[in-house]
A.B. asks: 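I'd like to ask you about the structure that follows.
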Amino acid sequence: MTRLDRLLRPRSIAVIGGGVWCANVIEQCLKMGFTGNIWPVHPTKPEVGGLSAYPSIEALPDAPDASFVGVNRNVTIEAVAALSAKGAGGAICFASGFREANAELEDGAALEHALLKAAGDMPIIGPNCYGLLNLLDGVALWPDQHGAACSDKGVAIITQSSNIAINLTMQKRGLPMAYVVTAGNQAQTGLAEIGQALLEDDRVTALGLHIEGIGDLRSFEALARRAAELGKPIVALKIGRSDQARAATISHTASLAGSDAGARALLRRLGVGQVDSLSDFLEALKLLHVAGPLGSNRIASASCSGGEASLIADAAHGRGVAFPALTQAQSEGLRAALGPKVSLANPLDYHTYIWGDVAAMTATFTALIDGDVGLGLVVLDFPRADRCVGDDWNKVIEAVAAAQTATGRSIGILASLPDTMPEDIAQSLVARGIVPFSGMGSAIAAIELAANLPRYTAQPLFLRPPPETGAALSEAEAKSALNAHGLLVPGAIRADSPDAAGDAANRLGGAVALKGEGIAHKTEAGAVALNLTGAEAVTKAARAMPADSFLVEEMLTGAVVELLIGVIYDPAHGYVLTLAAGGTLTEVMKDSQSLLIPATRDDVQAALGNLKIAPIMAGYRGSPPADMNAVLDAVAAIQSYVMAQPVAEVEVNPLMVMADRAVAADALIRIGEKT
């Protein structure tokens, strides 16, 4: 039992306030068939929403399990204090004007602090939120219309935007919803705690999160861990890829959105599937509700049109799904069902020879998916019910159901357009255990997610923040600090004058690299000279540089590849480790992978393998392969340094990776967030 149980699944509800919003709460509860007590509270109105009102919270006959507080922000604080004193189970705080960024000038933060003090141990959700729908038990702590229907089981959805929550309830895709909850400011009860309480309900099959910002990373870790234990997948739509989206987030809920790379790394590490649109979000939840996570990304698809077969193949191109070639057994079964005129392939165009023949279609679908596939698909767009007759389309449904029974494999019926998957048909398909997909692109995105859900990583994140202030180290100081943790660096000597630089070159011997110190972008400023030999050449080059001190290093040659290894502190997600093509390729190729610290050696190796330059590291066209163990050692050394002494930023660029070692040619360390 969680502390939110009474609030989420109440048997009695108090509605505090007499405005239209409160009347709407009562209306929606009655409309959904809530069977418990509903107690309006207003000091002067005899009734609210058609029900007799109590003059005060103290006058209520009992402590309500859940309350909707629909009054202004100052009265909200008073009402929450009275509810807490009476022993209420929890409250939805509807009012805005608390800690949102646009309320800072009006002492919103102070009011939110007062609200928390008033609540004490009583759970509150919000403020600045619409509340919740419990569609399993007919509870609507919800001050507006919604389009959701009651269900016996379904997915739970939490959003940080009340308007998006309303929009999601209006979906016509046949997705059964168990709960819809808006989190608002998360002043006391965060998204993670709400999510964990919802997952504990046996009737919830999956959890969907619309995330603007994650306030408590440890709680979010706990949510992901519990979801993994329960075997219930989480799908997240995390906004904040653009600067504009992050700015809108801050002005909306005062959430800390953080970097997109950090968010993606966090969700992947915690086993949370991520989508990029609301349509993909709903389709992924629907697939997971009906079929659960897929055993593989291998799809077998059938349609009665070559055009549809081409569309589905193109939609999957470049995504993490595959259409495996037909096996001999599949081909033999299909040939027996379809005859000699149909060209056999996957995706399959089975033509219209068997249209309307349930037995032949059943044999076709059974033969097609009775192989090593994670999901079978039948592309089928339904006709308009107001203008057309769909009897033959119903025969396809019967054939799909029979094939699913015969093979024991999950099958989806995919309408290429959302418009051509009617809601009543989608609902009937869900009831029969068939996945109804609405739209080809979102269907492929959902399948990709369900087949490639990341694995939950049990190792806790490293979250100790860096100092608030602190200057950047010089290159020599940065290399020395990292070398103490095992990072290989070139032999080097610092010099305080051009002549001393020449002497240093003689002492190092051979070709050297000369760098002017105290310059951020050395190459652009003309503060780097490479392949210099002898004191005279080094001294001359130093005199031409806009610097007073210099670093003379042994010249590194023979690199198979150059990498960038960086770490930056993201307050919203932790320490983000970036692996990327380095040197001059960093900005040109934009080839990077992000993880969170601490990252395991296996995770780092997998991320390196996903870089576009991975074939070069492996030894492209007969070239020697890079020393990958040395790269892994270098990344481990950088992580070790950050975890021993948290800093705002570390960057090694380039890490020169040879066939037998990996050496940091340049390094930057910024100690604090502010210098």
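For this chain, numbers begin at 1 and follow the sequence in order.
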A.B. asks: Output every pair passing side-chain hydrogen bond (donor to acceptor under 3.5 Å, both in side chains) with a member in residues 316-330, not counting sequence neighbours, ordered by first then second residue.
C.D. replies: Arg319-Glu448, Thr327-Gln330, Gln328-Glu332
A.B. asks: Using side chain to side chain donor-acceptor pair (under 3.5 Å) as the criterion, list what pairs up with Asn134, not counting sequence neighbours.
C.D. replies: Asp137
A.B. asks: List the atom of Pro454, the atom of Val272, and the distance in Å for their closest heavy-atom pair.
C.D. replies: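 Here Pro454 and Val272 meet closest at CG-O, 3.6 Å.
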A.B. asks: Under a 3.5 Å distance rule, please check whether Ser305 uses its side chain to pair with a backbone N or O of Glu308 as donor and acceptor.
C.D. replies: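 Such a contact is found between Ser305 side chain and Glu308 backbone.
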A.B. asks: So Trp21 and Phe94, would you call those rings parallel, tilted or perpendicular, with 30° and 60° as cut-offs?
C.D. replies: tilted
A.B. asks: How would you list all residue pairs meeting salt bridge (charged side-chain N to carboxylate O under 4.0 Å, His left out) that involve residues 360-386, not counting sequence neighbours?
C.D. replies: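 For residues 360-386: Arg298-Asp372, Arg384-Asp386.
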A.B. asks: Okay, side chain of Ser594, backbone of Gly262: is any donor-acceptor separation there less than 3.5 Å?
C.D. replies: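 No, the answer is negative, given that no donor and acceptor are paired below the 3.5 Å cut-off.
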A.B. asks: Which residues satisfy the side chain to side chain contact (heavy atoms under 4.5 Å, CB included) test with Val235, sequence neighbours excluded?
C.D. replies: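 Once residues adjacent in sequence are excluded, the partners of Val235 under the side chain to side chain contact (heavy atoms under 4.5 Å, CB included) criterion are Val275, Phe281, Ala284, Leu285, Leu288, Leu449.
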A.B. asks: Heavy atoms, side chains only, cut-off 4.5 Å: are Leu377 and Ile447 in contact?
C.D. replies: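 Result yes, sub-4.5 Å side-chain heavy-atom pair found.
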A.B. asks: CG/Leu207 to OH/Tyr179 distance, rounded to the nearest 0.5 angstrom?
C.D. replies: 12.0 Å
A.B. asks: Would you say the side chain of Lys286 lies within less than 4.5 Å of the side chain of Arg173, judging by non-hydrogen atoms?
C.D. replies: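 Arg173 vs Lys286: side chains touch.
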A.B. asks: Sequence neighbours left out, what passes side chain to side chain contact (heavy atoms under 4.5 Å, CB included) with Ala165? Give chain and number order.
C.D. replies: Trp142, Thr159, Val180, Thr182
A.B. asks: Just grab all the salt bridge (charged side-chain N to carboxylate O under 4.0 Å, His left out) pairs involving residues 154-169, residues at least two apart or on different chains.
C.D. replies: none
A.B. asks: Identify every side-chain donor-acceptor pair in residues 29-36 under 3.5 Å, counting partners at least two apart or on other chains, and give the distances.
C.D. replies:
none

A.B. asks: Taking side chain to side chain donor-acceptor pair (under 3.5 Å) as the definition, give me every residue that meets it alongside Gln171, ordered by chain and number, with sequence neighbours left out.
C.D. replies: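 Partners of Gln171 by the side chain to side chain donor-acceptor pair (under 3.5 Å) criterion come out as none, since no residue qualifies.
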A.B. asks: Taking NZ, NE, NH1 and NH2 as the nitrogens, is one of them in Asp201 or Arg9 under 4.0 Å from a carboxylate oxygen of the other?
C.D. replies: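 A salt bridge is present here (some side-chain N lies under 4.0 Å from a carboxylate O).
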A.B. asks: What residues, two or more places apart in sequence or in another chain, satisfy side chain to side chain donor-acceptor pair (under 3.5 Å) together with Asp65?
C.D. replies: Arg6
A.B. asks: Tell me the salt bridge (charged side-chain N to carboxylate O under 4.0 Å, His left out) pairs involving residues 148-161, sequence neighbours left out?
C.D. replies: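 Every candidate salt bridge (charged side-chain N to carboxylate O under 4.0 Å, His left out) pair involving residues 148-161 fails, so no pair, neighbours aside, qualifies.
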A.B. asks: If a pair satisfies side-chain hydrogen bond (donor to acceptor under 3.5 Å, both in side chains) and one of its residues is in residues 403-412, list it, with sequence neighbours excluded.
C.D. replies: none
A.B. asks: List for me each residue that meets side chain to side chain donor-acceptor pair (under 3.5 Å) alongside Ser96, sequence neighbours excluded, and say none if there are none.
C.D. replies: none
